[in-house]
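Protein chains get the first letters and strands the later ones, always in sequence-line order, with residue 1 at the start of each. These numbers come from a predicted model, not from an experiment.
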Protein chains: 2
Amino acid sequence: MLKASNSEAEYAIYAAVKLKNCPIKVVMGVLGKKWTVLILREIALHKIGRFNQLCRSIPELTPRVLIMRLHELEKCGIIQAVIVKDKPRFVRWTITEKGHDVIPILMSIIAFGAKWYADEVFEDHRPRTINELYPELNSPR
Amino acid sequence: MLKASNSEAEYAIYAAVKLKNCPIKVVMGVLGKKWTVLILREIALHKIGRFNQLCRSIPELTPRVLIMRLHELEKCGIIQAVIVKDKPRFVRWTITEKGHDVIPILMSIIAFGAKWYADEVFEDHRPRTINELYPELNSPR
DNA sequence: TTAAATAGATATCCTAAGTATACTAGTATC
DNA sequence: GATACTAGTATACTTAGGATATCTATTTAA
């Protein structure tokens, strides 16, 4: 475990790097709204890309907010709407290259949850590491 | 870079692990509210722990919401109020061991922002890796 | 000694974000 | 012809968060 006492600011951004804005603030402007991260979980991790599938896999989320979040994520280039068929409209929401880079964020959230919320997350209540949950991350294809 | 095409679900949670709830959902219930992550950035990364210091370092955040978030984070054990002095009350909000484990989440958010939002984040607009920003992460003390 | 500034919060009001419920159009299936 | 699927919309309502002012207690400065 890391000790905080070694330095005033444990993690200090490299002094020569001039920041205009905090990256966390900027990213949270994009990912910080309610449901956004859960929608990305479905699209990026579970490969669920259809509107009604998303409605079903996140039942508390209403279609109104879902379409708002999808359009927001599309606008900022994290997902894209692939028109499978027109009339009737069939859309598949997929992740972009940029969206692919949010997966490490999702993984760090899962790691935190698997360690500290094992009671609510796992049926056997046993905390797990991210490597236990995703063994393929150790031996990449 | 990872390729998505190799498998239906690129990241599949190990089949034998029985989930009660999705860890992302559970964690977002704790960290998902507006301002929470930014407050944790200040406390965990910048070691800003005083109420009025937090007010000043996040000017758009009102005291009302700040105290709500601090109490929420305290309740779930991510931060704790260290009473520096009683009458008048002097409090230092510090991170707990559990709170320490949210730092990887913050770091993955910073990494994403430093790569994809360089324009808004850095004065020179040049994307950076997390190792460029935090060289000490490569050579831990 | 009185005012100003600091600390850590609260209270009130009001708007913006999100929720509930129902509904749309177009097509396929029973 | 009824039902159910697709991908969304519309309207009304509730709650979370923002704006602003205030609170108690203490220290500092004039």
Length of the [atom1]-[atom2] vector between [X] and [N], whole Å:
X	N	atom1	atom2	result
Q53(A)	dG8(D)	CD	C1'	15 Å
I39(A)	dG8(D)	CD1	C1'	14 Å
F51(B)	dA7(C)	CZ	C1'	10 Å
L54(A)	dC5(D)	CG	P	16 Å
I58(A)	dA20(C)	CD1	P	14 Å

Could you tell me whether the phosphate oxygens of [N], OP1 or OP2, come under 4.0 Å of any side-chain nitrogen or oxygen in [X]?
X	N	answer
R50(B)	dG8(C)	yes
N52(B)	dT6(C)	no
K34(B)	dA16(C)	no
W35(B)	dG18(D)	yes
W93(A)	dT6(D)	no

Quiz prompt | Main-chain N/O of D119(B) paired to K20(A) side chain as donor or acceptor, under 3.5 Å | solution =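 At least one qualifying donor-acceptor pair exists.
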Self-check item: Expected output: side-chain K98(A) to main-chain C76(A) donor-acceptor under 3.5 Å
Solution: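 It does hold such a pair.
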Quiz item: Touch check for R92(B), heavy atoms < 4.0 angstrom, all strands: base, sugar-phosphate only, or nothing?
Solution: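 Since no nucleic acid heavy atom lies under 4.0 Å of R92(B), the category is nothing.
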Practice problem: May I ask you to say what K85(A) touches in the nucleic acid, namely base, sugar-phosphate or nothing, with a heavy-atom cut-off under 4.0 Å? | Solution: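 Since no nucleic acid heavy atom lies under 4.0 Å of K85(A), the category is nothing.
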Quiz item: Do you reckon I130(B) sits in the same ILVMFWY cluster as L45(B), going by side-chain contacts under 4.5 Å, direct or chained?
Solution: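 In one cluster with I130(B): L45(B), yes.
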Self-check item: Sorted by number, the residues of residues 59-77 of chain B with heavy-atom contact under 4.0 Å to DNA chain C
Solution: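 Here the set is P63(B), R64(B), I67(B).
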Self-check item: Options dA7(C), dG18(C), dC5(D), nucleotide nearest the side-chain atoms of F90(B)
Solution: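 Minimum distance to the F90(B) side chain belongs to dA7(C).
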Exercise. Mind listing the closest non-hydrogen atom pair of P127(B) and K115(B) along with its distance?
Key: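 The answer is CB-O, 3.6 Å.
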Quiz item: Are the charged groups of K75(B) and E72(B) less than 4.0 angstrom apart, N to O?
Solution: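 Here K75(B) does not pair with E72(B) in a salt bridge, since their nearest N and O are not under 4.0 Å apart.
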Quiz item: Are side-chain heavy atoms of K18(A) and D124(B) found at a separation under 4.5 Å?
Solution: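 Heavy-atom side-chain distance check fails, nothing below 4.5 Å.
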Quiz prompt | Straight-line distance of L40(B) CG to R69(B) CZ, nearest 0.5 Å | solution =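 If we round to the nearest 0.5 Å, L40(B):CG and R69(B):CZ are 11.0 Å apart.
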